[in-house]
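Model, not experiment: these values are computed from the prediction.
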Amino acid sequence: MGEIERESESESLIMGETMEAPQDKTPKRLLLALNCAMLSVGTCGGPLLLRLYFVRGGARVWLSSWLEMGGWPIIVFPLAVAYFRRRSTKGPSARLVLMDPFLFAASAVIGVLMGLDNYLYAYGVAQLPVSTSSLLVGTQLAFTAGFAFLLVKQRFTWYSINSIFLLTIAAGVLAMQTSSERPAGESDGAYYAGFFMTLGAAALYGFILPLVELTYKKAKKAVTYSLVLEIQLVMCFFATAFCTVGMLINKDFQAIPTEARNYELGEAAYYVVLAWNAIIYQFLFLGAIGVVFCASSLFSGIIIAVLLPVIEILAVIIFQEKFQAGKGVSLALSLWGFASYFYGEFKLAKKEKERAAAAD
């Protein structure tokens, strides 16, 4: 799947453990499955929870963008487990922090970009129905593919190209019917501002995923999953700091108590919604960079794109948005595109295995 090359003797999986049998891919597949699951939960749950915040009386865009990365302290717990496992193996010589200055600086820059991306996306969700904002987010696959080709020389097959084409067409099918789903009473200016903000967020995220992969490639040391967690922690910290500045300027902290008291679902529910936003989005971003680590930025983008119709269906159930025939067509095209990508990767892996067997 276009895996990032690393030094095989020091390649490790969960919590920085060295893989004893490099030829055994089962642990890495399990790690990939875990990150795909986290990415799926975050991709489907994040937009719905964020929209729930807005439709029930929330109005703070900077606060909602802050929540998308504000759950970063959760990562401290697996990192602590990783450190104590290293210490039990290596003793007092075990390093507390694996990251070097280059990776810290790169993660900080990506984190600021993520903060900007979060704001653009949150602004769009505040103005658009879930179906429309999810449609626009689906276009990030095309941006991811383009930037992956430019930044990390992503290898394409006819099957992956077909997958990108089908997933893009699936988003286009939705585009043909969502123009009539504008929220009642919303002005043209607010709607189109949300439209282009969300499109900008998709383009920026399509750049960020290959940039993360490029950071892994440029690392001067073996990239382990423990190191991936550290990178995520730094990215989230700087993204949160970026959004905190926006909250201070916009006086969001002072507005939170008043907004909570006036929230339609009640004050307690308000804080529950905020907390779950932070948790679910942490699953999304940690899963995304985990998939980049285990596979590629393109595969991470494909996972996000294929879940677009799932979000559409959930939006119909939760927010009573209309389910039209085009959404069913979009779902079928997305599943077809997803199957095409995996079939291509299966054939490629089979050819490589046969080539290796012939060489032996």
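Transitive grouping of hydrophobic side chains (ILVMFWY, heavy atoms separated by less than 4.5 Å) keeps V223 and V109 in distinct clusters.
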Could you walk me through whether I303 and T43 satisfy the side chain to side chain contact (heavy atoms under 4.5 Å, CB included) test, starting with their C-alpha distance in whole Å, then the side-chain angles of each, then the deciding distance to 0.1 Å, before giving a yes or no? CA-CA 9 Å; I303 293 289; T43 300; 5.6 Å; no
Could you go through E230 and V97, starting from their C-alpha distance and side-chain angles, then the distance that decides it, and tell me whether this counts as side chain to side chain contact (heavy atoms under 4.5 Å, CB included)? CA-CA 8 Å; E230 290 186 10; V97 178; 3.6 Å; yes
Please assess I256 against Y271 for the test side chain to side chain contact (heavy atoms under 4.5 Å, CB included), listing each intermediate value before the final yes or no. CA-CA 10 Å; I256 289 175; Y271 290 109; 4.0 Å; yes
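Considering only heavy atoms from C-beta on, Y216 stays 4.5 Å or farther from V152 through its side chain. Between R56 and V273, the closest side-chain pair of non-hydrogen atoms is not below 4.5 Å. Contact of the C243 side chain with the M69 side chain is not registered, since no non-hydrogen atoms from C-beta on lie closer than 4.5 Å. V212 places none of its side-chain heavy atoms less than 4.5 Å from the side chain of S297. When side chains are defined from C-beta on, I318 does not count as touching R51, because their heavy atoms never get closer than 4.5 Å. Residues P47 and Y121 have side chains in contact (heavy-atom distance under 4.5 Å, counting atoms from C-beta outward). Contact check for L265 versus V272: no side-chain heavy atoms found under the 4.5 Å cut-off. Counting only heavy atoms from C-beta outward, the side chains of F253 and T244 approach each other to under 4.5 Å.
Although no hydrogens or angles enter the test, the distance criterion places a donor-acceptor pair under 3.5 Å between the side chain of K221 and the main chain of L98. For the pair Q127 (side chain) and A193 (backbone), a donor-acceptor distance under 3.5 Å is absent.
Ring geometry for Y263 against Y53 counts as parallel: the plane angle stays under 30°, on a 0 to 90° scale with 60° as the upper cut. Ring geometry for F147 against F143 counts as parallel: the plane angle stays under 30°, on a 0 to 90° scale with 60° as the upper cut.
Shown here for L227 and L103, the closest heavy-atom pair between the two residues is CD2-CD1, 3.6 Å. Considering all non-hydrogen atoms of both residues, S64 and V61 come closest at OG-O, 2.7 Å. The minimum heavy-atom distance linking S226 with L79 is given by the pair O-CD2, 3.6 Å. Across F299 and C36, no two heavy atoms sit closer than the pair CE2-SG, 3.9 Å. Contact between C44 and V310 at its shortest, heavy atoms only, is SG-CG1, 3.8 Å. Contact detail for Y281 and L67: the closest heavy-atom pair is CB-O, 4.4 Å.
Annotation: F283, atom CZ; neighbour count of heavy atoms from other residues, nucleotides and ligands within 6.0 Å does not exceed 12. Under a cut-off of 6.0 angstrom, the local environment of CZ in F149 is sparse, with at most 12 non-hydrogen atoms contributed by other residues, nucleotides or ligands. Other residues, nucleotides and ligands contribute over 12 non-hydrogen atoms within 6.0 Å of the CZ atom of F102.
Between S93 atom OG and R95 atom CZ the span is 11.0 Å, to the nearest 0.5 Å. Separation of atoms CG (L204) and CG (L116) is listed at 5.5 Å; rounding is to 0.5 Å. To the nearest 0.5 Å, atoms CD1 (I208) and CD1 (I289) are separated by 11.5 Å. Taken to the nearest 0.5 Å, the CD atom of Q232 stands 5.0 Å off from the CD atom of Q282. For the atom pair M235 CE and T240 OG1, the distance stands at 11.0 Å (nearest 0.5 Å). For the atom pair CH2 (W66) and CG (N118), the distance works out to 12.0 Å, reported to the nearest 0.5 Å.
Evaluated for a ring pair (Phe, Tyr, Trp, His ring centres under 6.0 Å) with W72, the options F77, F237, F285 yield exactly one hit, F237. Exactly one residue among L286, N35, L34 makes a side-chain contact (heavy atoms from CB on, under 4.5 Å) with V291. That residue is N35.
Side-chain contact of T258 with R261: a donor-acceptor pair under 3.5 Å is present, judged by distance alone.
Within the structure, every pair that satisfies the salt bridge (charged side-chain N to carboxylate O under 4.0 Å, His left out) test and touches residues 59-72, not counting sequence neighbours, is listed here: R60-D252.
Hydrophobic clustering, defined by side-chain heavy atoms of Ile, Leu, Val, Met, Phe, Trp and Tyr closer than 4.5 Å, groups V245 together with I249.
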